[in-house]
Amino acid sequence: MRKLSIIAALLFTSGAIAFAQDMQDARRYSFNDYQGTARSIAMGNAFTALGGDLGSIGINPAGSAVNTFSQFTITPSLSIAGIEATYDPAPGLLGDNQAFKIKNNKTKMMMPNIGFVINWAPHDGSSIKTVSFGLVGNMTANYNGKIEGRGINAETSLLGEKADYFTGQGYDRWDFFNPNTGQADRNAFNNYSWEDVLAAHTTMIANYDNSDTKWIGATETIFPDGSIGIAGLLDQRWTRVTTGYKYDLQANVGLNFNDQFFFGANLGMITLDYTAKTYYSETAVNPNDFYIPFDTGDTYFDSFGLNNWYQAKGVGINAKLGIIYVPIPEFRLGAAIQTPTLMNIKEKWQNYADIYYTDDRYSESADSPEGDFEYNLTSPFRFNIGAAYNFGMGVFSFDYEYTDYGTMRFRDVDGHTNNFRGVNDDIKSYMGIAHIFRFGAEIKATPEFALRAGYNYLTSPEYERVNGSKKVLDAETHTIAVGFGYSSPGSFFLDFALRGSILPEEYYYPYSNYIPNVNSPEVSFKRNIWDAVVTLGWRF
């Protein structure tokens, strides 16, 4: 006998209930993937000591004061996120399980830079040669991508994991759905997993044997020996599509002291927009293996799907101070420090569920109301230093940047941390310092043409615990870039850059292990992001 029921228990689910923020959310919204102009990108954004480029102002505010002219730039780009994912249905087991490897490319037009700087010469006899004022927007994160995994599983099912969790527990019958409208009661989801309310409502999980403590999933069967397992082969698919960006708008002022010492300050306004759509489904390879008895008749399981839509929008503010010092004409030193970013983030989400049987009379679907939550996030401070050497025909530059992700903190809108004690403790325990090394080079082939190249090496800020000690995860990011520039005898200039980022391998687990000695599915994926960037600029 199958019943619609739910118990008062929280189950793992993605973005299901309020207070579900985790340390990866904090890292995502705090991380800076510096974009900028085509020139700064082509040189690996190693501009702490160089300056003179609008892409460098977010790295070192003193860079606006290096040039004696004013300028305006606009930088469109084409970004391609290539992702290869492998879905392993039961790691370590063979048998009838089949793993598939799927490649996806997602292309998006972006605007990594736009802005202007106005330089003014006081001519008052003071040591201040020029004063610069600027308003520059540089993109610091690109969230676009599509991950798709697929496998044939003969061992486990997401619905089996849910039923196993409930087994041995009693339940209270809750009518979460208004019989007149068919809509879910918004209050029903304050203390329950949204995914599980929908799963119970659509008969994905149910009681059997007239017992309130025995649970079974629609993909499972009872074998003659009384054991429960999945009834046949399941075609499992998991897809996540993400879109969005993080953008830093910098209001800048810079001072040039006798072409030897440069000082700059930014007031930064940060905006972010991140959307993730997650799809998970299981389909019977042979529905005849999945016999389902209902009170009113018999049928066979065909497929189910659980989908989640999530969006986060945020605004924040920070400040940054920087200096550049030129002890001799051939050599430059630079340094900058940025305060923590104080960010307010508003989230929205919604869940959808459907299940299909071979007799469509038993098929059902349901969706949750739209949820929302608002909180504050403090991202870490940053410190960077740099050096550059000018050898006449060109320049070499080097940057180092330090960021302590272990200082990230969630707070509610009133400034309290009580509701986030667990995730903040995780951040302190498993997040730490990330080191970024940036290298850049530019060669002047002619007075009008320049060739450029750059490289970045980024260490992971994430740690694991090994025998009580913290060990940095071996998960580095490598970025290479090349480009060229043309500077006309007049005011116009044009730059081009091609950049490739090789990100570390990542993992996702659609559901947790629930059968002894049998691993549930693992999705491993690697991302490579390629950006083709063009900057159009004018000096005046």
Side-chain angles (χ1 to χ4, degrees), residues 12-33 35 79 81 83 104 106-112 137 139-148 183-184 186-190 192-198 238-249 269-281 305-317 341-354 365-379 408 410-413 419-420 423 506 508 510 525 527 529:
F12 170 78
T13 183
S14 176
I17 55 176
F19 309 120
Q21 291 71 35
D22 60 33
M23 66 180 186
Q24 297 302 335
D25 293 326
R27 179 184 178 185
R28 180 189 307 116
Y29 305 140
S30 299
F31 177 71
N32 276 355
D33 175 23
Q35 306 272 320
S79 180
I83 302 178
N104 276 294
K106 196 168 187 295
T107 304
K108 183 78 172 179
M109 290 293 298
M110 312 294 290
M111 186 69 71
M139 192 166 66
T140 53
N142 176 2
Y143 297 128
N144 292 287
K146 181 180 180 180
I147 310 167
E148 186 175 6
Q183 296 295 311
R186 175 66 176 83
N187 295 326
F189 300 95
N190 288 340
Y192 296 89
S193 157
W194 291 27
E195 230 178 47
D196 296 318
V197 172
L198 298 181
W238 176 78
T239 302
R240 173 170 289 171
V241 180
T242 57
T243 58
Y245 60 86
K246 182 160 67 76
Y247 219 82
D248 291 10
L249 181 63
M269 292 154 280
I270 290 79
T271 61
L272 74 85
D273 190 336
Y274 173 80
T275 299
K277 296 180 179 179
T278 305
Y279 312 90
Y280 180 82
S281 67
L306 287 169
N307 303 327
N308 172 262
W309 168 84
Y310 166 86
Q311 182 183 62
K313 289 190 175 184
V315 294
I317 188 170
T341 300
L342 307 178
M343 189 173 295
N344 174 262
I345 298 175
K346 296 179 180 179
E347 295 181 339
K348 293 182 179 180
W349 62 88
Q350 192 168 17
N351 287 60
Y352 310 87
D354 50 53
S365 63
D367 58 1
S368 72
E370 187 177 280
D372 58 82
F373 188 56
E374 182 178 359
Y375 59 91
N376 294 333
L377 172 66
T378 301
S379 67
M408 299 182 297
F410 286 105
R411 291 177 172 84
D412 61 32
V413 292
N419 291 324
F420 300 97
V423 64
E506 299 179 64
Y508 178 81
F525 55 94
R527 295 183 293 165
I529 301 176

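For the single chain, residues carry numbers from 1 onward in sequence order. Only this structure's heavy atoms are used, side chains among them; waters, hydrogens and symmetry mates stay out. Because the structure is a prediction, the values reported are computed rather than measured.
Surrounding NZ of K106 are more than 12 heavy atoms belonging to other residues, nucleotides or ligands, all under 6.0 Å away.
Taking D273 as the reference, nothing meets the side-chain hydrogen bond (donor to acceptor under 3.5 Å, both in side chains) condition, with sequence neighbours excluded. Considering only residues two or more places apart in sequence or on other chains, E347 meets the side-chain hydrogen bond (donor to acceptor under 3.5 Å, both in side chains) condition with Q21, Y310, Y375. Checked against ring-ring contact (aromatic ring centres under 6.0 Å, His included), Y280 has no partners two or more places apart in sequence or in another chain. Residues satisfying the side-chain hydrogen bond (donor to acceptor under 3.5 Å, both in side chains) criterion with Y352, sequence neighbours excluded, are Q350. Residues passing the side chain to side chain contact (heavy atoms under 4.5 Å, CB included) test with R527 are I83, L503, E506, F525, sequence neighbours excluded. Here T239 pairs with K146, E148, V241, Y279 under the side chain to side chain contact (heavy atoms under 4.5 Å, CB included) rule; sequence neighbours left out. Residues passing the side chain to side chain contact (heavy atoms under 4.5 Å, CB included) test with S30 are L377, S379, P380, Y405, M408, sequence neighbours excluded. Under the side-chain hydrogen bond (donor to acceptor under 3.5 Å, both in side chains) criterion, T140 pairs with K246, D248, sequence neighbours left out. With sequence neighbours excluded, the residues forming a side chain to side chain contact (heavy atoms under 4.5 Å, CB included) with S79 are M110, N142, I529, D531, listed by chain and number. D33 pairs by the salt bridge (charged side-chain N to carboxylate O under 4.0 Å, His left out) definition with R499, not counting sequence neighbours. Qualifying ring-ring contact (aromatic ring centres under 6.0 Å, His included) partners for W238, counting only residues two or more places apart in sequence or in other chains: Y508.
Summarising the geometry of I345 relative to A312, their closest heavy-atom pair is CG2-CB, 4.0 Å, with the distance given to 0.1 Å. Nearest heavy-atom pair, N351 versus L198, reported as atom, atom and distance to 0.1 Å: O-CD1, 3.5 Å. What you find for P112 and Y247 is that their closest heavy atoms are C-OH, 3.9 Å. For the residue pair L342 and T378, the shortest heavy atom distance occurs at CD2-OG1, 3.8 Å. The shortest non-hydrogen separation linking S365 to D354 is CB-CB, 3.7 Å.
In this structure, T243 OG1 and Q311 CD are separated by 8.0 Å, a value rounded to the nearest 0.5 Å. Atom NZ of residue K108 and atom CG of residue N144 lie 6.0 Å apart, to the nearest 0.5 angstrom. Atoms CD1 and OG1, from I147 and T278 in turn, are 9.0 Å apart once rounded to the nearest 0.5 Å. Between K346 atom NZ and K313 atom NZ the span is 10.5 Å, to the nearest 0.5 Å. For the atom pair CG of D412 and CG of N376, the computed distance is 7.5 Å after rounding to the nearest 0.5 Å.
The closest side-chain heavy-atom distance from T275 to W309 is below 4.5 Å. Put simply, the side chain of R240 reaches to within 4.5 Å of the side chain of T242, judged on heavy atoms.
The backbone N or O of A276 lies less than 3.5 Å from no partner atom in the side chain of Y143, so there is not a single donor-acceptor pair.
Using cut-offs of 30° and 60° for the angle between ring planes, the F420 and F373 rings count as tilted.
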Checklist entry - Can K277 and N307 be said to form a side-chain contact (heavy atoms from CB on, under 4.5 Å), step by step? => result CA-CA 7 Å; K277 296 180 179 179; N307 303 327; over 6 Å; no

